[in-house]
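Single-structure report; data block below.
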Amino acid sequence: MIPGDFEFKQPASKDEALSMLRDGGDDARPLLGGQSLIPMMKLRMASPDILVDLRGLDDLRHISIGKSIHIGAAVTQHELIGSEELFNVCPIIRETALVIADPQIRYSGTIGGNVANGDPGNDMPALMQCLDATYILESSEGIREVKARDFYEAAYFTALQTGEIVTGIRFPKPESGHGYSYQKLKRKVGDYATAAAAVVLSLSGDNVKSASVALTNLADTPLFVEKAEDILVGSQLTLNTIRATMDAAEAIMEPVSDGRGSREYRTKMGGIMVKRAIEQAAMRADGTAKGGLFGWLKR
Amino acid sequence: MAKTLIQLTVNGEPHEVAVNPRDLLIHTLRETLGLTGAHIGCDTSHCGACTIDIDGQSSKSCTMFAVQANGSNITTIEGMAGADGTLHVLQEAFREMHGLQCGFCTPGMIMRAHRLLEENPTPTEEEIRIGISGNLCRCTGYQNIVKAIQHASETLTSNVEA
Amino acid sequence: MADTISEPSQSETSAERSQKLEGIGCKRKRVEDIRFTQGHGNYVDDVKLPGMLFGDFARSPYAHARIKHINKESALKVPGVLAVLTAEDLIPLNLHYMPTLAGDVQAVLAHEKVLFQNQEVAFIVARDRYAAADGVEALEVEYEELEPLLNALKALDDDAPVLRDDLAGKTEGAHGPREHHNHIFTWSAGDEAATQEAFDKADVVIEEYLAHPRVHPCPLETCGSVADMNPITGQLTLWGTFQAPHVVRTVAALITNIPEHKIRVISPDIGGGFGNKVGVYPGYVMSVVASIVLKKPVKWIEDRMENLSTTAFARDYHITAELAATKEGKVIGMRSHVFADHGAFDACADPSKYPAGMYHICTGSYDIPTAFCSVKGVYTNKAPGGVSYRCSFRVTEAVYTIERAMDLLAQKLDMDPAELRQKNLIQPEQFPYTSAFGWEYDSGDYPTAMAKTLEAVDYKKLRQQQAQMVEDFKAGTSREIMGVGLSFFTEVVGAGPSKNCDILGINMFDSCEIRVHPTGAAIARLGVKSQGQGHETTFAQILASETGLPADMITIEEGDTDTAPYGLGTYGSRSTPVAGAAAARAGRKIKHKAQLIASHLLEVHHDDLEWDVDGFAIKGMPDKRRSMKEIAWAAYNNLPKGMEPGLEAVDYYDPPNFTFPYGAYLCVLRIDVDTGVYSVDRFYALDDCGTRINPMIIEGQIHGGLTEAFAVAMGQLIDFDETGNILGASLMDFFLPTAVETPKWETDHTEVPSPHHPIGAKGVGESPHVGGVPAFSNAVNDAFRAFGGVHTHMPHTHSNIWNYARSLGMIDS
């Protein structure tokens, strides 16, 4: 498998990169880790004339943690996994990054590439929706922000305009003591999810104070389960509320039948992943979660 | 497209190579530099037979353009043995524990194991299995590969202590 | 001289000297690993010749279509593209079709029609692989789509599409009459009438449809070749991924009319074969044709997608299995009918007389008095192949049939599967045992192997645990169930005796030639070809034990037809049973001559000498001896009068029978019913491969074979959509487990040597695959037995397991 020919550009600055992308128009593609794009080019399913290499741009490589968390687009999965600071405030990032592809790919693959590519199999988009992240989009025209929950239109179709790239991601720091879980069912290491669910929630006593649920590879875009918040927040985590959340999630899933299973199987697994993610998140959340009330969860 | 000159340090030796932008690093290593240890097994970044070490990271060289490696420091399987021909501890361990059969995955597997042990000198069995999960082997069933990495870990750790 | 051997000191004991030889039974470290661990293996894509060009195929996007037009110019104008070859170019050379090993022909490049997706349509030769790929992308081909035939069970319907226009009117095939345009052969074995009688009088019968889906051997190295036709000398050198290089040379001579002595075939290091590299593929032929046409060396290397979709599938057997038994559980009859999907061309790699391989080993390890089986081969719009994926010819299919059937019978009789097997195992005193199909099983102690296995795993306790989990599940306190899968397999390997086995008329012997040099070092060459099995290590061990020369002083060489003696190659676990026997016998010939030389040196009659590990001593006078090293030297300067100088031997071995390795495997797995996700808690494998040449390598072979069995049973599938598009032909989808999914293996053994093999070895590389597949499948099915399950098909993927659980009402909808 051999890629088609292209011109390779290495800009010295972000501004230069944006001009190159503007000048290249639809024929130009940004290149970060290349772990999605290069296989596509080798299969000749993508054949850009110009690749603009963004990896050398230092202003895309930072992780900063304040009231909100900001991650540059060129930060690799490996760096996400390795960041103790990030793990301390938002451990679900590591949990998710660890089930993406395999170790080699995680050294090269970036969070920016993962969220911007629009591949429904990618794991970070659902997590970003779960965390209510905002993507920072830049072009030579300027800068704008789009919510992860509004970014995805269809497989490989996103809010990105020609000449525009995701330069970073920002999301509010999750409440201290929150519970979290990324549950991914897959056939083997390196596979996309048969079904996966990201859950972040916090508890106040027996009641759910906040909750957010999103899904990977269960439609042609990541799915944010809007109704989950309505169902869960203010109520207790009971078999009924969890069942209602699963139903709400399953209702919006539209997975394709493929080697991972039929549409029906994958939908049911989506529900199971939601259930298990809620259960695990609840157990991880502080407060009563470790007590008797949730004993049934432990089976 | 015009060729670009890139600088690579491979196994300690500097090279200047003219490449086309689309030349995959694996082909530059194998065909231009004659380092045929890294192999192509799947073409789609799943098998890891092409794994090399670039600037302290394991990388699948079939999913990287040579131009992206410009200026980098690369170690391939050919650079693992000592200058006097002494096998690297991992190479010895793979032989000792029968961690290879057809040998096709071995260069990538050893390069990956090398980086794994650099990052985690005393991995558990589970950590080893996860750590080499980007490398497929069709012959061994991995059991003896895991043993070989454990054996190398023990040797390297006791060398450090001694 | 760094490499000479140190003379064994007279004070060393026999045991010490024996240890130094590193002969049979020693865990000798592998010779091959020195180069492989350093990246200095030499695989076909490492072959680089001056001026070498690269060839790549343009392939059909359709499963069944007529080729209307090929616009060569579209590819020729791509920079770097030098030639575009199509079937039209091959017709004058009569090379547009090539003979297959199964007596059919296969299109080298599609002529008028394409018959499967990704079929080879044009060969594009360019300066390098990049330009060749550009040429492939640029080539314009116009097709007219035709209705595809994908379901083998419908291939013989009256209105089934006609696939093979080239066979129009051909009513006689290579294996008898053809009854339909998509019919290849019908083959049967056993006594149909007697079997019917057994079924008529049986207390209990079972019948089940068992699909053995299409899979692929998928070695990590794909297929490839480099052809170098020297226009001056007329000499063709062909490097390639050939498990059987000599056969390739003969086939090349037959189809190209290049004299066989002008063809040199070289199999360099091979990155795994597993049956994928037995056949002859269009790529090999086209690299040769292109080298002839362009007068330059031409390389062809397939990519993974091409590998999975075009070269050598395995299995695709639609099996009906039937058993007849008494109510006490004694099996009295066995019957099986098979619909075999052979794809678009019959390119199965089987001995000529056996179009369904050794499927008739399907009475397994049991004393079953009557049996009958028949196999119907049909064409479909899928890639050709039907190779033996890590097994002897169709033996995995056969063992799957009987081992699933035994479990089904146990279920019907409400009997434990182990107990039923024990009741029916062939008993030690019955060997040599002639099966209902006429195989003569040479040796074995099955009850001991079975008993040892059940004891090792504490079988009774496992069944108690399982019962408890069933209870918990039914009580609603757990969503997990447990399966215990047993298989007791017998293989038929080491093809083979010339009375049974030939390929294209060449008997399936094998060979070894050994030359002992004056200093006591030696080189031995064999007609087989290692693909990871470690021949360079183990054959030297056999020769070390036989000749008394240390294994480290014996180079083993294979794969170069100019130097190696003729042999039929490595597959079907035949290397040790056939070439290993030839090695032992060649070693004995060396020893025989050495004895005569020693008698001359020691001035005694040769009958007064006795062999002592690494030399000959005068009987009763162990100090009066001559070592093999001394004898080797004498062979070149101090010989008995009239004796030919030198110390060489060659042996061509036609085995009197097959060998019959066997074993008992047990798999314990747990299933999370809500997701269909399983985890293998335990896998115990007891093998009897006879004499154990290198226990380390045997264990490695078993680990690898079990891993491939796990992959086949639990995930591998070459699937198609309704238009014939191949699904999942990449390593994202085709299930090659990583270290994370792969279970841990426990190995064990018994050792009953083969009575007819010179050193008693039976072959081992394929046992774990053959025995492993039914053990996994039985474990999955066994988990559902208590819930009314009868049979669920492979691959046992998460989704298939879940679907099955749901069909049994175990999941609320």
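The shown structure was predicted, so the numbers you read here are calculated from the model rather than taken from an experiment.
For the side-chain contact (heavy atoms from CB on, under 4.5 Å) criterion with Ile272(A), the lone passing option out of Val677(C), Asp672(C), Asp674(C) is Asp674(C).
Put simply, the side chain of Lys42(A) does not reach to within 4.5 Å of the side chain of Asp303(C), judged on heavy atoms. Within the 4.5 Å cutoff, the side chain of Met269(A) has heavy atoms near those of the Trp802(C) side chain.
With a 4.5 angstrom heavy-atom cutoff, Arg260(A) touches chain C via backbone and side-chain atoms both. For a residue to count as touching a neighbouring chain, one of its non-hydrogen atoms must lie under 4.5 Å from one of that chain's; by this rule Leu717(C) does not touch chain A. For Glu137(C), the part sitting under 4.5 Å from any heavy atom of chain A is the side chain, from C-beta outward, and nothing else. Residue Met714(C) does not touch chain A at all, counting heavy-atom pairs closer than 4.5 Å.
Separating the CG atom in Asp721(C) from the OG atom in Ser257(A) is a distance of 12.5 Å, to the nearest 0.5 Å. Note that the CE atom of Met273(A) and the OG1 atom of Thr675(C) stand 6.0 Å from one another [nearest 0.5 Å]. Rounding to the nearest 0.5 Å places OG1 of Thr797(C) at 7.5 Å from OH of Tyr265(A).
More than 12 heavy atoms of other residues, nucleotides or ligands lie within 6.0 Å of CZ in Arg94(A), so this atom counts as buried by the packing criterion.
Shortest non-hydrogen contact noted between Arg44(A) and Ala133(C) is NH2-CB, 3.7 Å.
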Exercise. Carefully, step by step, assess Lys188(A) and Asp733(C) under the rule salt bridge (Lys or Arg N to Asp or Glu O under 4.0 Å).
Key: CA-CA 9 Å; Lys188(A) 53 172 281 192; Asp733(C) 289 300; over 6 Å; no
Practice problem: Mind running side chain to side chain contact (heavy atoms under 4.5 Å, CB included) on His798(C) and Leu185(A) for me, showing each step along the way? | Solution: CA-CA 10 Å; His798(C) 302 155; Leu185(A) 176 62; 4.1 Å; yes
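Your options are Asp191(A), Leu43(A), Asp258(A), and the one with the most heavy-atom pairs under 4.5 Å with chain C is Asp191(A).
Taking a cutoff of 4.0 Å between a charged side-chain nitrogen and a carboxylate oxygen, Lys186(A) and Glu741(C) do not qualify as a salt bridge. The pair Asp812(C)-Lys268(A) fails the salt-bridge criterion, with no side-chain N (NZ, NE, NH1 or NH2) lying under 4.0 Å from an Asp/Glu carboxylate O.
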